[in-house]
Amino acid sequence: MKSLKNNQGGAGILIFGLFGILFVFVIAIALFQNYSVLAAAYTVRSSMEKTALTIVARQTETTYSSKRESNHGAYRSNGIDWNEEIHQINAAQQLNEMLHITRQGDTLTKYNSNHSLLYRLHNISFTINNPDLHSQQTLKATISLTFEMPITFGNLHHTIMVPMSVTAENKQKY
């Protein structure tokens, strides 16, 4: 301490250096938390896109004859008339299979190897917009949910909740 008092400005540089190192450390932790949230959200969104595309593709496979007749909705001919044919697919089950997550009622939950919560998906809804038989609109499948992820920084705990929505459609080009 005596040498610090005798050295003019040395203590200020040392304290400034310590604060600088502490600041860089805090920024690094914040960036890591940000990256983990972005990576988890990107994974969930990609799974939602794949689920929506799979649902539209399966719907198109079963109703190809109506597409061939220039009808853009999900309809199937019984030889006399065209009838709407929508397959109800469980989007939550599809997401569960892709993300390897635990289902707890209406909520899908992902845990890490330490069995602590990584993220939750809830308010999962799925709709198919089937246009009229001779409409120029396209068949659309929309999946929406709420992504919830806890963030911890020391003793501070915060939960990030992000509503997400993905729409896939079958655009016919002849």
Side-chain angles (χ1 to χ4, degrees), residues 30-152 158-174:
L31 288 174
F32 176 74
Q33 288 283 345
N34 184 40
Y35 174 74
S36 65
V37 170
L38 289 176
Y42 179 77
T43 302
V44 169
R45 184 164 176 81
S46 294
S47 297
M48 289 171 64
E49 289 173 351
K50 186 174 181 180
T51 299
L53 287 170
T54 301
I55 290 168
V56 168
R58 286 182 186 164
Q59 191 66 47
T60 302
E61 285 176 358
T62 60
T63 59
Y64 176 70
S65 60
S66 68
K67 307 288 186 276
R68 204 173 57 214
E69 298 290 330
S70 296
N71 298 314
H72 296 279
Y75 296 90
R76 184 171 272 217
S77 175
N78 61 6
I80 300 169
D81 199 11
W82 291 93
N83 299 317
E84 182 177 47
E85 186 169 314
I86 296 288
H87 297 285
Q88 295 302 324
I89 297 172
N90 189 346
Q93 181 63 30
Q94 294 285 327
L95 290 170
N96 188 8
E97 290 174 10
M98 276 191 260
L99 295 170
H100 306 290
I101 52 185
T102 306
R103 186 177 189 123
Q104 297 173 337
D106 292 339
T107 303
L108 299 176
T109 308
K110 178 82 171 188
Y111 295 100
N112 64 11
S113 60
N114 299 337
H115 302 290
S116 60
L117 177 67
L118 280 178
Y119 60 84
R120 258 190 207 110
L121 308 176
H122 52 90
N123 299 332
I124 301 169
S125 67
F126 167 68
T127 58
I128 291 182
N129 180 16
N130 191 28
D132 294 334
L133 185 62
H134 295 293
S135 171
Q136 291 300 315
Q137 296 176 355
T138 59
L139 177 75
K140 293 181 185 179
T142 303
I143 299 173
S144 57
L145 56 82
T146 302
F147 173 81
E148 178 183 332
M149 185 170 187
I151 301 273
T152 304
H158 183 69
T159 301
I160 294 176
M161 296 181 74
V162 180
M164 299 175 129
S165 182
V166 171
T167 300
E169 63 182 295
N170 182 1
K171 292 186 177 182
Q172 296 294 323
K173 294 185 180 182
Y174 297 105

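For this chain, numbers begin at 1 and follow the sequence in order. Below, each value reflects all heavy atoms present in this structure, side chains not excepted, and no hydrogens, waters or symmetry copies. Because the structure is predicted, anything quoted here is derived from the model rather than measured.
Scanning for side-chain hydrogen bond (donor to acceptor under 3.5 Å, both in side chains) contacts around Asn112 gives Ser116, with sequence neighbours left out. Scanning for side-chain hydrogen bond (donor to acceptor under 3.5 Å, both in side chains) contacts around Thr142 gives Thr167, with sequence neighbours left out. Residues satisfying the side-chain hydrogen bond (donor to acceptor under 3.5 Å, both in side chains) test with Thr54, not counting sequence neighbours, are none. Every side-chain hydrogen bond (donor to acceptor under 3.5 Å, both in side chains) that Thr109 has, sequence neighbours left out, goes to Gln104. Residues satisfying the side chain to side chain contact (heavy atoms under 4.5 Å, CB included) criterion with Thr43, sequence neighbours excluded, are Leu99. Scored by the side chain to side chain contact (heavy atoms under 4.5 Å, CB included) test, Ser46 finds Tyr42 as partners (sequence neighbours excluded).
Across Val56 and Ala168, no two heavy atoms sit closer than the pair CG2-O, 3.6 Å. Asn96 approaches Thr102 most closely through the heavy-atom pair OD1-N, 4.4 Å.
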> So Val37 and Val162, side chain to side chain contact (heavy atoms under 4.5 Å, CB included) or not? Walk me through it.
Replying inline: CA-CA 11 Å; Val37 170; Val162 180; over 6 Å; no

> Hey, mind stepping through Thr107 and Leu121 against side chain to side chain contact (heavy atoms under 4.5 Å, CB included) and telling me if it holds?
Replying inline: CA-CA 6 Å; Thr107 303; Leu121 308 176; over 6 Å; no

>> Test side chain to side chain contact (heavy atoms under 4.5 Å, CB included) on Ile55 and Phe126; report intermediate values, then the result.
In response: CA-CA 10 Å; Ile55 290 168; Phe126 167 68; 3.4 Å; yes

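Leu108 contributes atom CG, which lies 9.0 Å from atom CD of Gln93 (distance to the nearest 0.5 angstrom). Note: Ile151 CD1 to Thr159 OG1 = 8.5 Å, rounded to the nearest 0.5 Å. Summarising the geometry, atom CE belonging to Met161 is positioned 12.5 Å from atom CE belonging to Met164; distances are rounded to the nearest 0.5 Å.
For the pair Lys140/Ile128, no side-chain contact is recorded, criterion being any heavy-atom separation below 4.5 Å from C-beta on. Counting heavy atoms from C-beta on, the side chains of Ser47 and Gln94 never come closer than 4.5 Å. Between Tyr111 and Leu118, the closest side-chain pair of non-hydrogen atoms is not below 4.5 Å.
Applying the 6.0 Å contact sphere to NZ of Lys50 captures no more than 12 heavy atoms from other residues, nucleotides or ligands.
Sorted by first then second residue, the salt bridge (Lys or Arg N to Asp or Glu O under 4.0 Å) pairs that include residues 32-49, not counting sequence neighbours, are Arg45-Glu49. For residues 119-128, the pairs satisfying side chain to side chain donor-acceptor pair (under 3.5 Å) are Arg120-Glu148, His122-Glu148, Asn123-Thr146, Ser125-Ser144, with sequence neighbours left out. Residue pairs meeting the salt bridge (Lys or Arg N to Asp or Glu O under 4.0 Å) criterion with at least one partner in residues 95-105, sequence neighbours excluded, are absent.
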